[in-house]
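Working notes for the structure below.
Naming convention: chains lettered A, B, ... in sequence-line order (proteins, then strands); numbering from 1 in each chain. All of these numbers come straight from a predicted model, not from anything done at the bench.
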Amino acid sequence: MENLVPLPPEFYVGDTREVARRLLGCLLLCESPAGIAGGRIVETEAYLVGDPANHSFRGRTARNAPMWGAPGRAYVYLTYGMHYCFNAVTAPEGVPEAVLVRALEPLIGIDLMQARRPGATLRTLTSGPARLTAALGIGPEHNGTDLARGPVRILAPNGMPSPPPGPILAAPRIGVHAAQEEFWRYFLAESPYVSRRDRRARPV
DNA sequence: AGAGCGATGGCCT
DNA sequence: GGCCATCGCTCTA
């Protein structure tokens, strides 16, 4: 993990599915008064324009407005009335696409994360989109913030482009009923920190 | 002003 | 692996 570099906005422009794959292996961190916490991204999902599962599909609202904003910013939303999910906004400004980060391998501030999620094992500490936001302390105050400058940051090991950190599998997205035929969930095949496996998964 | 709902998690078998 | 509690917010009227 030497030579960590914040991903520049340009990284997030381009095919959102490719961005989702290239985020695997990168480091997601959140700094707060309580300390710094984070881990390696092992699972992502792509949400594209024209995709019925995309929050932006039915037009711009107060909630989804950050998706239309600059690439490389955070889109944080509340789901099920109680859980926050974290996305990296992708595509050029005005094109509402994003990558949902679904799981991390815990690396930094493990004590702090365990304090935030009492009872969780290392395996379950950040293996889910709402689990990782709870563990890292990501919340609505981070919505729209610049991921290159913090307090929530995404860093690349050894700069980009770097080789994928192992075999990648693709599968249908979780909790999404539309577009089951699209394999837009990506995860590191060898990581035990992925939120869920899928028999349909295929190599990328 | 209110009904509907959700990119989930945790616990149970 | 499956079920369901849960609850604030979002959108529409």
Side-chain angles (χ1 to χ4, degrees), chain A residues 12 15-21 23-24 28 30 37 39 41-69 71 73-91 95-106 113-144 147 152 154 169-188 192-201:
Chain A
Y12 299 92
D15 189 310
T16 291
R17 292 162 293 196
E18 188 187 336
V19 174
R21 293 189 293 265
L23 280 170
L24 297 174
L28 174 63
C30 182
I41 298 172
V42 299
E43 180 179 347
T44 57
E45 285 179 355
Y47 287 85
L48 309 187
V49 163
D51 165 16
N54 191 329
H55 284 179
S56 68
F57 185 67
R58 298 182 185 277
R60 182 172 179 153
T61 66
R63 174 170 84 145
N64 63 22
M67 296 193 73
W68 274 262
R73 303 280 181 133
Y75 169 45
V76 179
Y77 68 89
L78 184 67
T79 190
Y80 289 94
M82 59 191 117
H83 304 301
Y84 290 101
C85 292
F86 167 82
N87 297 252
V89 174
T90 62
V95 180
E97 303 195 338
V99 172
L100 171 70
V101 178
R102 286 195 54 91
L104 304 177
E105 173 182 343
M113 295 194 283
Q114 285 178 325
R116 286 172 170 152
R117 285 183 35 72
T121 64
L122 193 62
R123 283 282 293 272
T124 60
L125 191 57
T126 55
S127 64
R131 289 172 172 176
L132 73 89
T133 57
L136 270 61
I138 295 176
E141 67 271 31
H142 300 112
N143 196 21
L147 299 175
V152 179
I154 299 181
L169 292 175
R173 294 168 296 180
I174 302 228
V176 169
H177 295 290
Q180 278 295 293
E181 70 282 7
E182 307 291 4
F183 282 34
W184 291 344
R185 180 168 75 101
Y186 306 100
F187 56 94
L188 295 183
Y193 300 100
V194 166
S195 71
R196 199 185 150 184
R197 300 267 145 191
D198 192 321
R199 288 195 61 82
R200 300 165 290 181

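- A gap of 22 Å separates the C1' atoms of C:dT10 and B:dG9, to the nearest Å.
- Taking side-chain N and O atoms only, A:His55 has a distance below 4.0 Å to OP1 or OP2 of B:dA7.
- Summarising the base pairing, B:dA7 is matched to no nucleotide, lacking a Watson-Crick or G-U wobble pair whose two defining distances lie under 3.5 Å.
- The residue A:Ala53 sits close to a base: some heavy atom pair falls under 4.0 Å.
- For the pairing with A:Leu125, the side chain to side chain contact (heavy atoms under 4.5 Å, CB included) check across A:Arg131, A:Gln114, A:Arg116 returns one residue only, A:Gln114.
- Within the 4.0 angstrom heavy-atom criterion, only backbone atoms of the sugar-phosphate kind lie near A:Arg63; the bases stay farther away.
- Atom CZ of A:Arg17 and atom C1' of B:dA7 are 17 Å apart (whole Å).
- In this structure, A:Leu125 atom CG and B:dG9 atom P are separated by 12 Å, rounded to whole Å.
- Distances were taken from every side-chain heavy atom of A:Thr61 (C-beta onward) to each of B:dT8, B:dA7, C:dC11; the shortest belongs to C:dC11.
- Checking C:dG1 for Watson-Crick or G-U wobble geometry (two distances, each under 3.5 Å) identifies B:dC12 as its partner.
- Following rounding to the nearest Å, A:Arg58 (CZ) and C:dT12 (P) show an atom-to-atom distance of 9 Å.
- Taking OH of A:Tyr186 as the reference point, atom CD1 of A:Ile41 lies at 15.0 Å (rounded to 0.5 Å).
- Taking the P atoms as reference points, C:dT12 lies 15 Å from B:dA7, given to the whole Å.
- The distance from atom CG of A:Leu78 to atom C1' of B:dG4 is 15 Å, rounded to the nearest whole Å.
- Within 4.0 Å (heavy atoms only), A:Leu100 reaches at least one base atom of the nucleic acid.
- The distance from atom CE of A:Met67 to atom OG1 of A:Thr90, rounded to the nearest 0.5 Å, is 7.0 Å.
- Here the straight-line distance linking atom CZ of A:Phe183 with atom CG of A:Leu169 works out to 11.0 Å at 0.5 Å rounding.
- Between the side chain of A:Tyr80 and the base of C:dA5 there is no donor-acceptor pair of N/O atoms closer than 3.5 Å.
- Atom OG1 of A:Thr16 is separated from atom CG of A:Leu48 by 5.5 Å, given to the nearest 0.5 angstrom.
- Across the protein-nucleic acid pair, A:Tyr77 atom OH and C:dC7 atom P stand 19 Å apart, rounded to whole Å.
- Taking atom CD1 of A:Ile174 as the reference point, atom P of C:dG2 lies 13 Å away to the nearest angstrom.
- When the side-chain nitrogen and oxygen atoms of A:Arg102 are compared with OP1 and OP2 of B:dT8, one or more of them lie within a distance under 4.0 Å.
- Two residues are said to be in side-chain contact when any heavy atoms from C-beta on lie closer than 4.5 Å; A:Leu104 and A:Leu136 meet this criterion.
- A:Tyr84 places its OH atom 9 Å from the C1' atom of C:dG8, with the value rounded to the nearest Å.
- Phosphate contact (OP1/OP2 of B:dT8, side-chain N/O of A:Thr79, threshold under 4.0 Å): absent.
- Atoms CZ (A:Arg196) and P (B:dA7) sit 16 Å apart, rounded to a whole Å.
- Phosphate contact (OP1/OP2 of B:dG10, side-chain N/O of A:Arg117, threshold under 4.0 Å): present.
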